[in-house]
Amino acid sequence: MDIFGFLDKKSKPVLGLDITSSSVKLLELSKSGSRYKVESYMVRPLPPNTVVEKNINDVEALADTIRKLVAQAKPRTKDVAVAVPGSSVITKMIEMPAELNEQAMETQIALEADQYIPYPLDEVALDFEVIGPSEINETQVDVLLAACRRENVETRQEALEASGLTPKVVDVEVFAVERAFRLIAEQLEEMGDQVVAVADIGATMLTLSVLVDNKTVYTREQLFGGRQVTEEVQRRYGLSQEEAGLAKKQGGLPEDFESEILEPFKEALIQQVSRSLQFFFSSSQYNYVDQLVLAGGVAAMTGLRDEVEEKLGLPTLVANPFANMAVASKVNAVALANDAPAMLIAAGLALRSFE
């Protein structure tokens, strides 16, 4: 992959493919007028330890899972957008002369990048995006520079190509969430310049993003997620990981499951979200948020929204990027609705088709 090709902006249409520590999620969107439609969607679990803390451990197992996912979903394109985690990316806002065209900017950034990036440039995938005119100097433009270790991009590229897909865009998870947030913002009352926190709680990671005027002003990742419930179910009831995962979804666990496992987990989760918000308050100009959006697989947990809203004293919404979308007849609408909170990054990636 060329040094410039990260955050590629030229490919459409593309599938959104979100690779997490526990599963792969595929989403294909189309658009008619101002309305989106879900053309295909599928979620498939990954074998244990295929992806560990968002680092790909087993390219072959990942490629095999993606191949099966695509065979089930039957999307109309093989071109795909994926994302790397925000924790693996360095971003920096720089100013450049407004009269430079894209090629001249590319040349200048390649020459000067070593002063912004703390890694050897031959180990780095690098890209930039012009954000707009500088507020300080009208002869300059603000340019967002993003750099990621090349191995993070190349392992994803390798898995996609091995599965028969064509990687067209490598994005950053936080930017994908920001893009998908536009779909959520339509559902919030009196958005204006509100400060909205998005807590994305996956299997192993809790990511808090804070957006003001639909732009991310803060993001923080921490190790905490729904896998803790699965592991506790395994330990307490002597089940395998697969059995525990199924029991968690389908029910049938002993009566003490809720009081002994679920409630303590919810309390710990609320504590983690509260702590993440405190970190945000202490490191920014803001000392409040107006609304909280729960995303990720854990967000769909029965009763969680009400408990979070009550204990944190914040209006709380469970993310559903598909609330105002049409759904193709081949898509399982019930399954899509259940998985909706976990599809935020996939939705943000699929929206790259329309930029």
Side-chain angles (χ1 to χ4, degrees), residues 18 20 22-23 25 43 177-178 180-191 194-212 214 216 218-222 224-230 232-233 245 248-251 253 257-281 288-325 333-348:
D18 179 21
T20 75
S22 61
S23 65
K25 302 164 189 144
V43 178
V177 169
E178 185 179 289
F181 179 74
R182 298 173 206 158
L183 303 170
I184 309 296
E186 298 167 3
Q187 304 161 46
L188 299 174
E189 293 176 21
E190 304 172 13
M191 261 308 291
Q194 285 200 356
V195 181
V196 182
V198 179
D200 189 340
I201 313 129
T204 61
M205 200 79 77
L206 188 161
T207 305
L208 184 86
S209 301
V210 182
L211 298 98
V212 179
N214 289 357
T216 306
Y218 176 86
T219 183
R220 181 175 186 270
E221 292 180 358
Q222 65 192 82
F224 181 89
R227 188 169 287 170
Q228 292 177 19
V229 176
T230 311
E232 186 60 20
V233 167
K248 203 171 74 168
K249 280 184 179 173
Q250 297 172 1
L253 283 164
F257 166 65
E258 193 147 327
S259 61
E260 295 297 318
I261 296 177
L262 212 51
E263 284 308 317
F265 173 77
K266 286 181 187 175
E267 283 172 29
L269 170 57
I270 291 167
Q271 205 170 28
Q272 293 288 348
V273 173
S274 177
R275 192 174 297 159
S276 292
L277 288 169
Q278 294 306 320
F279 274 111
F280 164 62
F281 299 147
Y288 67 94
V289 295
D290 295 296
Q291 306 213 38
L292 177 65
V293 176
L294 297 178
V298 173
M301 192 178 276
T302 307
L304 180 63
R305 188 203 72 84
D306 292 343
E307 281 192 45
V308 170
E309 186 167 270
E310 183 189 336
K311 290 186 177 163
L312 294 184
L314 279 173
T316 302
L317 174 82
V318 175
N320 180 3
F322 312 119
N324 298 323
M325 289 193 194
V334 174
L336 179 69
N338 289 336
D339 285 327
M343 298 293 290
L344 212 54
I345 289 172

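Panel note: side chain Asp290, backbone Val195; a donor-acceptor pair is recorded below 3.5 Å. Between the side chain of Arg182 and the main chain of Asn214, no donor-acceptor pair closer than 3.5 Å is present. A donor-acceptor pair under 3.5 Å links the side-chain atoms of Ser276 to the main chain of Gln272, judged by distance alone.
Heavy-atom contacts from other residues, nucleotides or ligands closer than 6.0 Å to CD of Glu258 number 12 or fewer.
In plain terms, the two heavy atoms of Gly225 and Ile201 that are nearest each other are CA-CG2, 4.4 Å. Nearest approach of Val293 to Ala319, heavy atoms of both residues: CG1-CB, 3.7 Å. Nearest approach of Ser209 to Thr219, heavy atoms of both residues: OG-OG1, 3.6 Å. Nearest heavy-atom pair across Lys25 and Ser23 is CE-OG, 3.5 Å. Residues Glu309 and Pro315 share a closest heavy-atom pair of OE1-CA, 3.5 Å. Residue Val318 comes nearest to Pro341 through the heavy atom pair CG1-CG, 3.6 Å, listed as atom of the first residue, atom of the second, then distance.
If you take CG on Leu304 and CG on Leu262, they are separated by 9.0 Å, rounding to the nearest 0.5 Å.
Under the 4.5 Å side-chain criterion, counting only non-hydrogen atoms from C-beta, Leu277 is not in contact with Tyr218. Side-chain atoms of Ile184 and Leu344, non-hydrogen and from C-beta on, do get closer than 4.5 Å to each other. A heavy-atom distance below 4.5 Å is not found between the side chains of Ile345 and Thr20. By the 4.5 Å heavy-atom criterion applied to side chains, Gln228 and Glu232 are not counted as neighbours. For the pair Val308 and Leu269, the minimum side-chain heavy-atom distance is 4.5 Å or more.
Just one of Gln291, Glu307, Arg305, Lys311 meets the side-chain contact (heavy atoms from CB on, under 4.5 Å) condition when paired with Thr316; it is Arg305.
Aromatic ring pairs are classed by plane angle as parallel below 30°, tilted from 30° to 60° and perpendicular above 60°; the pair Phe265 and Phe224 is parallel.
In the model, Asn324 has a side-chain atom that pairs as donor or acceptor with a side-chain atom of Glu186 under 3.5 Å.
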